[in-house]
Amino acid sequence: MEVQSKLSQSIVILDFGAQYTQLIARRIREQNVFSVVLPCTASLDEVKSCAPVGIVLSGAPWSVYDKDAPPADPGVFELGLPVLGICYGLQFMVHTLGGKVRPAEKREYGHAEIDIVAESPLFRGLEKRQAVWMSHGDEALELPPGFELTAKTSHAVAGIQNVAKKWFAVQFHPEVHHTRNGTEILRNFVFNICGAKPLWTPQHFIDSTVEQVKRQVGGGRAICALSGGVDSSVAAVLVDRALRDGSGKPRLTCIFVDNGVLRKNEFEKVQQTLRDKLGLRLDAVDAAERFLGKLRGVSDPETKRKIIGKEFIAVFEDEARRIEKEEGSVEYLVQGTLYPDVIESRSVRGPSQVIKSHHNVGGLPEKMKLKLIEPLKDLFKDEVRKIGRDLGMPEEILQRQPFPGPGLAVRVLGEVTPERLAVLRECDDIVVTEIKNAGLYTKVWQSFAVLLPVMSVGVMGDMRTYAYTCAIRAVSSEDGMTADWVELPHEVLKTISTRIVNEVKGVNRVVYDITSKPPGTIEWE
C-alpha cells in the first residue's frame, strides 16, 4: 500500500477482527484525514511505512486471555505515537501494559450511558454524561501503571488514559451512529491529540494518483477491465487522464466484455454511454458463448466466481496481444477494485473471516502476464463517487447501482444456463424499471432480482403451473460493508410482483428478501 505517495500522514487502524473496523476508517476519512487498515499482525516497519501520526486498536470478537487471541506487536506502544484503543483495543492495551482483564460479571451490549469522571483531551467539549454503544463481555479489573479512569458506566470501566504517553482507550464504540457524540471523540483524537491535518480530499487523490500512474506506466500502454459500473468507469477516466500523450492520443484501451451474464440490453447500452459520454477508447468483445461454456454444469458459487475471474483475464490477455500487434506492448491491466472488495476477499491478512472472493480480487489467477493497476483499492464507494464528480463525470454513471463482477451468474442460484438467464433478465428488468418509475433508484444501494432453484405449484388461468420462484432484493448501505433491507412501498412491490408473474414465462411466485447484512450478504452467492 503506497500511502507515502498519497499523503505524508495517516491514521493506522490495526484490525483485530471487529465487524466495525472499516467503520472506524470511514469516520476518520470523513474528516478529510487518510486512514489505513492493517492486520493486527502487521510488522512495525509496515506500520511506519504508512506515515502514521496516530494508531487505533480495533475491537475484536475475542478475549485477550484466550490462547488463540490475535496478537499485535507490543512495540506499537513504543513508537512515540498517540494510541486509541476501542473496546477490545482497550483490553489489549490494559493486558499488554501491565493491567488485568477479566470476564465481566455483567456483560454490556447495546445502548448505555457513561459518566465522564476526569478531564481528558479525548472528551474535550462534551457533557459529563454521554449515550454510547457497548458490545463487550470482558472488563478492565486493574489499570496499568500511569493510567487513570476517565469514564465509567454504573458498574464498569468505560474510558482510561495515560496523558503523558498519549495513550487513550474507550470500552464503547465511538464509530457507530448509536454513540451520539462518537464523531466528536474521534475528531478529538485525530486533530487535538494526533495533530493530523485535513489533507485527504478528492482533488488531492486525483492529482497524486495521476502522477503515480504516470510514473508506474511510463511510456507504456494499458488496458482497462470496464463493466460500465461506477468503479471501473471512474478508474478508467482517472487512468485515461494519466496516459494521454502530448497530442491527446490515448494509451489506455478499455475492454468491455459480454460475458454472457449481463443484464438485458446492457452490452449495447454500456458501449454507447462509455464512448459518447466519457470519450473513452473502447473495445467491445462478445465472449458470451466462451464464458457460458466454462460455466456449464457448475453450481458452486465460489467455483463460478473463480471461473469467471480466470476467463476474464484470458480474454484481456487475448485483447492485449491483439493491441500489441497493432500498436506495441501492453503491460498493465486496470481494475476498479474497491476497499470492501479487498477486505471481503483477503480480510486484509488479519483475523477477520473471508466472506467471498470477488472476480477482480480473489478470483484472479495466481499467475498473470499483465501487471495490475488498482487506483481505487483504498477507497469506499461513496469516496469513488466524490472522485468521479471532481473528474466531471455525469451523474447517470456515478449513480448507477453496484453490479457484481460475476454478473447474473451469482443471481441465478445453482447452474447457470441460457434459459435460466433469460428468465432472470426479464425479472431483473422489471425490478429496475419499477424502482426507477417510483423515483427510488438513487435512494437505495442496490435493487435486483434473484432466480431461485426452487419450483413451486401455482394456478394461472385455471391451469396448474410448476415454475420458478423469483426473489426481490433491495438494500440501503453506505459502503456495502453492512446493509439494511429497504421497506419498499406496498404498491411498488405489488406492481413488480404482478408484472413478473404476468409477463415472465417460467415464474409463478415472487418473494421479498428481508435479510440485513450481517447476517446475510447483499448478493445471494
Side-chain angles (χ1 to χ4, degrees), residues 11-28 35-44 46-47 52 54-77 83-104 106-110 112 132-141 143-144 147 151 153 156-160 167-176 178-179 182 185-186 189 339-340 342-355 481-482 517-519:
I11 300 293
V12 169
I13 302 160
L14 293 182
D15 178 19
F16 287 91
Q19 61 175 319
Y20 296 135
T21 299
Q22 315 318 319
L23 205 50
I24 302 171
R26 286 183 49 77
R27 294 292 173 255
I28 294 172
S35 59
V36 56
V37 177
L38 296 179
C40 61
T41 52
S43 68
L44 295 182
E46 190 172 4
V47 172
I55 294 173
V56 176
L57 308 176
S58 84
W62 319 91
S63 294
V64 289
Y65 42 77
D66 287 346
K67 290 182 179 179
D68 54 355
D73 192 324
V76 298
F77 295 108
V83 180
L84 172 63
I86 294 177
C87 196
Y88 178 91
L90 177 147
Q91 296 160 17
F92 177 80
M93 186 180 288
V94 169
H95 182 72
T96 303
L97 296 175
K100 290 184 180 180
V101 177
R102 68 172 183 185
K106 183 178 180 181
R107 296 183 297 176
E108 294 181 305
Y109 295 100
V132 301
W133 183 260
M134 288 285 191
S135 180
H136 70 100
D138 295 330
E139 64 178 352
L141 178 62
L143 301 188
F147 278 81
T153 63
V157 169
I160 61 174
W167 296 336
F168 302 84
V170 293
Q171 188 59 70
F172 55 89
H173 288 274
E175 70 274 21
V176 303
H178 304 297
T179 297
I185 293 170
L186 290 174
F189 178 72
Y339 212 7
V342 175
I343 294 161
E344 288 197 340
S345 294
R346 296 193 290 236
S347 297
V348 205
R349 292 174 292 122
S352 302
Q353 292 291 308
V354 173
I355 307 301
M481 295 302 299
T482 60
K517 175 186 179 181

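Positions are given from 1, in the same order as the sequence printed here. Because the structure is predicted, anything quoted here is derived from the model rather than measured. The figures here come from the full heavy-atom set of this structure, side chains too, leaving out hydrogens, waters and symmetry mates.
Atom OG1 of Thr179 is separated from atom CE of Met134 by 8.5 Å, given to the nearest 0.5 angstrom. Here CG of Leu57 is found 7.5 Å from CG of Leu84. Values are rounded to the nearest 0.5 Å. In this structure, CD in Gln91 is found 8.0 Å from OH in Tyr65, a value given to the nearest 0.5 Å. Note that CD1 of Ile86 and CG of Leu14 are 11.5 Å apart. Values are rounded to the nearest 0.5 Å. Here the OG1-CD1 distance, from Thr21 to Ile13, works out to 7.5 Å after rounding to the nearest 0.5 Å. Within the model, atoms CG of Asp15 and OG of Ser58 stand 4.5 Å from one another, a figure rounded to the nearest 0.5 Å.
Residues satisfying the ring-ring contact (aromatic ring centres under 6.0 Å, His included) criterion with Tyr88, sequence neighbours excluded, are Phe16. Checked against side-chain hydrogen bond (donor to acceptor under 3.5 Å, both in side chains), Ser63 has the following partners two or more places apart in sequence or in another chain: Asp138.
A pairwise comparison of heavy atoms in Trp167 and Phe77 identifies CZ2-O, 3.0 Å as the closest pair. When every heavy atom of Ala25 is checked against every heavy atom of Ser35, the shortest pair comes out as O-OG, 2.9 Å. The heavy-atom pair separating Val94 from Ala140 by the smallest distance is CG2-CB, 4.1 Å. Taking each heavy atom of Cys87 and Gly59 in turn, the nearest pair found is CB-CA, 4.3 Å. The minimum heavy-atom distance between Pro144 and Leu97, with the atom names listed, is CB-O, 3.3 Å. Scanning all heavy atoms of the two residues, the minimum distance from Val170 to Leu90 falls at C-CD1, 3.6 Å.
Looking at Phe168 and Ile185, their side chains never come closer than 4.5 Å, going by heavy atoms from C-beta outward. Between Trp62 and Asp68, some side-chain heavy-atom pair lies under the 4.5 Å cut-off. Side-chain contact between Gln171 and Val157: absent, with no pair of heavy atoms (C-beta onward) separated by less than 4.5 Å. A heavy-atom distance below 4.5 Å is not found between the side chains of Leu186 and Val56. Side-chain contact between Glu175 and Ile24 is present, with heavy atoms from C-beta onward closer than 4.5 Å. Within the 4.5 Å cutoff, no side-chain heavy atoms of Val76 are placed close to those of Val83.
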